Amino acid sequence: METLIGLLVAAPLLGAGVLLTGGKRLDRVGHWIGTLLALLSFVFGAVLFTNMLGKDADARTLNSHLFTWVPVDGFQADVGFQLDQLSMTFVLLITGVGTLIHIYSIGYMAHDERRRRFFGYLNLFLAAMLLLVVADNYFLLYAGWEGVGLASYLLIGFWQHKPSAATAAKKAFIVNRVGDIGLSVAIMLMFTTFGSFAFNQVLPQAQQASTTQHATITGIGFMLLLAACGKSAQVPLQSWLGDAMEGPTPVSALIHAATMVTAGVYLITRSGAIFNAAPDAQTAVVTVGAVTLLFGAIVGCAKDDIKKALAGSTMSQIGYMIMAAGLGPIGYVFAIMHLVTHGFFKAGLFLGAGSVMHGMNDEVDMRRYGGLRKYMPVTFVTFGLGYLAIIGFPGLSGFFSKDKIIEAAFAKGGTEGWILGGAALLGAAITAFYMTRVMLMTFFGEKRWQPDAEGHEPHPHESPSSMTIPMIILAFGSVFAGAFFSINDRFLKWLEPVTGHSEGDSPVSAGTVTGATMVCLVVGVGIAWLIYGRRPVPAVAPRGSLATRAARRDLYQDDFNHVVLVRGGEHLTRSLVYLDHSLVDGVVNGTAASVGGLSGRLRKLQNGYVRSYAVSMLGGTAVLVAATLLMRAV
Amino acid sequence: MMPLAAAAASQTSTGEAVQFWILGTVAVLGALGTVLMKKSIHSALSLAGTMIILAVFYLAQGAYFLGVVQIVVYTGAIMMLFLFVVMLVGITAADSLKETLKGQRIMAAVCGFGFGILLIAGIANASLDTFAGTGAANAADGGNVQGLAHLLFTKYVWAFEITGALLITAAVGAMVLTHRERTEERRTQRELSETRVREGRQVTPLPAPGTYARHNAVDIPALLPDGTISELSVSSTLRERGQVRDVSGDAMRRLAELEQSSDRWLGRDEPRPAVGSAGRAENNDRAEEGAK
Amino acid sequence: MNPANYLYLSALLFTIGAAGVLIRRNAIVVFMCVELMLNACNLAFVTFSRLHGNLDGQVIAFFTMVVAAAEVVVGLAIIVSIFRSRHSASVDDANLMKL
């Protein structure tokens with residue numbers, strides 16, 4: 001069984017290797033190879049899962065040590081895997097949703113001549129993400145972490161002929177680097193503090209050392225939070241996510257649902273022991289999560305680009321998860337549960353958006369959609385189910401998982417609990433608003449289609465079955481996953497041995513929370529219907545209020561980055577360049593010039609005449625004799 | 001260090017002193033000659049003289065073996081090697097003693113004087129009032145040669161072996177340095193003659209020296225039918241050095257004499273103008289001697 | 001007379017030889033001057049041997065001679081090959097060793 005863990009990672013990695021080095025002769029079969037290997041990986045995952053189910057709840061962790069990667073005295077990095085319930089959940093999500101997205105991409109990328117390369121990158125993405133979740137130490141996790149960063153860079157910039165895509169890829173890569181610094185610093189701190197990277201060494205020690213080395217562990221926690229912010233697009237490192245929509249839509253689905261942004265949640269949940277031992281870091285985590293969930297939701301309200309609206313929603317939903325993970329043992333399980341259900345409905349939503357774009361000549365502006373429900377029935381139904389799931393319609397999966405998080409936020413207790421719970425409720429209302437807005441603008445109302453740049457009138461049509469089947473499967477997940485997980489607290493029992501769980505003492509009852517959520521839901525949907533459902537939607541965006549304009553500009557996050565970081569950096573480098581030119585170059589050039597002048601004179605001594613050299617020798621000998629005599633005289 | 005022998009002396013014999021002052025002066029003169037003589041062959045001879053005097057000094061100081069070796073190896077072998085090379089490189093190439101490098105002579109003088117003064121001061125500073133003499137050391141092994149052999153094959157045997165390796169290396173090195181590999185095939189006689197015909201220069205063999213002359217020495221050029229000399233008939237080395245003996249005037253003079261005597265015999269009175277230029281009559285005295 | 005006079009003579013000869021090396025341009029003469037310096041050293045060694053009353057100085061002088069012989073062989077070979085290629089025995093003509 002342990003071997004299967006390695007094969008799990010190796011299958012998509014092999015696919016990436018074969019597809020990226022295979023050359024043009026694989027063009028015809030490349031997408032099948034990529035999809036089959038992803039499916040194979042999913043099969044391995046399923047086999048491991050059934051095997052794991054057959055075991056006792058406390059003995060489900062599988063360990064597999066492959067080899068010692070870096071054996072240096074006192075510094076040992078192993079390549080080893082650890083598959084417990086947490087990793088298993090991720091493995092199934094990644095390979096399952098990943099395989100569906102592969103299948104979808106076969107249709108979606110059918111006309112792209114670089115499809116083989118696309119599938120190679122997708123496989124690489126899967127392999128890196130799987131490595132990240134099955135690693136048994138932070139060092140190997142870091143390798144997967146960087147692999148995810150690389151693959152996301154390659155995929156976001158896949159249409160590199162578009163300057164905006166190339167820029168977006170660079171932006172994602174650079175912002176991720178900031179987070180990666182956090183992870184690497186955290187790993188270094190772990191090594192100096194605990195002398196190891198392995199989960200089974202670091203985490204128990206962190207628990208014990210919480211009193212003795214409080215400051216260090218808090219530092220590690222903050223660094224891990226920085227890393228999670230980078231990968232999961234949390235404030236303040238969120239700016240890359242919106243631009244990442246420049247990638248092909250399946251990539252957006254993969255990034256948002258299965259792979260990249262979930263890595264931060266995984267990291268925080270996996271490092272739960274560290275955060276439990278560092279309450280300050282935990283407070284920072286919940287703060288980041290709460291701020292991001294509102295931030296993303298507000299941004300999502302103003303976007304006319306369907307994918308960017310969904311990106312804002314992702315940011316917001318990941319904010320929920322991060323906040324839940326920051327709540328400690330009360331929230332870990334619900335963070336992961338929401339992550340899984342979100343994986344289903346967000347992937348479905350993105351694939352649906354891709355399907356809409358596919359039918360609308362790659363138009364992304366929702367103001368030019370409208371009335372599409374008749375032309376794309378399958379897309380409409382699956383997208384609609386995803387929509388109901390994300391706003392938390394009772395009985396659908398989002399309802400169960402989001403409700404639990406809101407409950408957990410209140411269960412935090414005290415003022416903090418009230419603030420977090422209020423933020424979560426407000427987020428739920430805004431989510432209902434902007435998702436309804438997307439739904440109404442896209443599928444309802446009258447047609448607002450416009451010819452594209454080449455003058456082709458759009459002819460909306462249903463997408464091929466390779467695209468609709470994954471959407472249908474995901475819609476099933478969106479509908480039933482939450483209920484399946486919640487009945488008898490299945491998910492809680494499954495994950496509890498790894499993450500631990502405590503109920504907390506909520507000041508409000510579960511029923512009250514559910515009721516409040518329902519009220520928020522209705523309010524959000526109602527406002528959206530008032531604005532976008534009752535009245536026709538203008539084809540050109542109105543100027544809007546100050547708040548709308550701010551939200552359209554992503555609440556000025558890019559402007560902030562530009563003013564503070566880019567300008568600041570420019571001024572810093574300019575002054576450094578000036579310093580370099582005047583001071584450093586002055587010293588260097590001065591030295592060089594004086595050495596040059598001196599050597600110009602000294603080289604005259606080297607006139608090539610043996611007799612001149614002989615004079616120097618004799619002179620030197622005379623000096624030596626004189627020195628000897630003087631020494632003797634003294 | 002061996003302790004100074006009990007029978008330490010402070011003065012040498014008067015005979016040695018006299019010999020030192022006379023021969024020492026000559027040695028210094030020889031050394032100066034080596035440095036200052038214009039022709040390298042003179043330098044070599046001056047150096048040989050100095051070396052022989054040094055051999056005498058070795059003998060006087062009880063270094064009998066070295067004295068003999070100095071004469072045999074240095075004066076006999078090494079100086080002969082020098083003379084060979086001097087001959088090979090060009091005996092007549094007299095050096096100009098004019099200095100061409102700026103400041104070289106001043107620097108040489110300063111360094112040389114400074115160094116000499118330092119050396120002499122150093123020696124004067126040392127306490128050399130008494131000396132042990134080599135007598136006892138020579139007697140210890142039954143003679144100077146035996147004593148040296150004893151040291152060479154015991155204490156200095158390693159250095160001695162190394163010296164052997166050095167000599168072998170030097171011999172091989174000298175051969176490598178002076179040996180020249182022929183890079184092209186030697187041209188045959190046929191090829192050489194074909195080249196001569198093709199280039200149109202001197203198709204016939206060069207004239208032999210002494211033709212149309214009574215002398216057959218190599219430095220006497222052959223005469224052409226008009227009585228002038230053929231430059232080609234003497235070696236270019238002799239031509240370069242200006243050592244060609246022109247005897248063309250000789251033959252002309254003899255012809256004139258013959259005609260004069262026949263005139264006298266026939267009773268003609270009016271004298272004829274002399275044949276042959278004055279410029280060519282460098283060796284007139286010789287020619288006259290030959291005539292007698 | 002004190003045998004130290006031999007040392008003075010030796011120093012004098014050495015200095016004359018050194019001056020010759022510096023002044024003369026003909027490689028052969030320069031080489032002869034080097035030999036003169038070596039001989040001056042030998043005289044000093046032999047005299048030291050006499051002053052100390054042991055034969056080590058003479059052995060060193062012997063080695064000097066052997067090394068000098070080897071040096072002469074190689075040195076003259078070099079002079080001959082330089083003369084062959086450059087048609088000159090002047091040490092100033094071989095001044096390629098410069099910038």
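Heavy-atom basis, side chains included; hydrogens, waters and symmetry copies ignored. Numbers restart at 1 for each chain; the letters A, B, ... are given by sequence-line order, proteins then strands. Owing to the predicted nature of the structure, the values given are computational and were not obtained by experimental measurement.
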Quick one: do B:Y74 and B:L47 satisfy side-chain contact (heavy atoms from CB on, under 4.5 Å)? Show the steps, please. CA-CA 10 Å; B:Y74 253 119; B:L47 183 60; over 6 Å; no
When only pairs under 4.5 Å are counted, which of C:A61, C:G20, C:P3 shares the most heavy-atom pairs with chain B? C:P3
Do you know which of C:V74, C:V73, C:V59, C:V66 has the most heavy-atom pairs with chain B at a distance under 4.5 angstrom? C:V59
For each of [options], tally heavy-atom pairs with chain C at distances under 4.5 Å, and name the one with the top tally.
| options | value |
| --- | --- |
| B:Y58, B:F115, B:F57 | B:Y58 |
| B:T34, B:L119, B:V73, B:L54 | B:L54 |
| B:A31, B:G112, B:A27, B:G116 | B:A31 |

Between [atom1] of [X] and [atom2] of [Y], what distance do you get to the nearest 0.5 Å?
| X | Y | atom1 | atom2 | result |
| --- | --- | --- | --- | --- |
| C:N5 | C:L12 | CG | CG | 11.5 Å |
| B:T12 | C:Y6 | OG1 | OH | 6.5 Å |
| B:I168 | B:T163 | CD1 | OG1 | 12.0 Å |

[X], part contacting chain C, at a heavy-atom distance under 4.5 Å:
| X | answer |
| --- | --- |
| B:T50 | side chain |
| B:A44 | both |
| B:Q11 | both |

Looking at B:N144 and B:F65, would you say the former's side chain and the latter's main chain have a donor-acceptor pair under 3.5 Å? yes
Side chain, backbone, both or neither: which part of C:A69 has a heavy atom under 4.5 Å from chain B? both
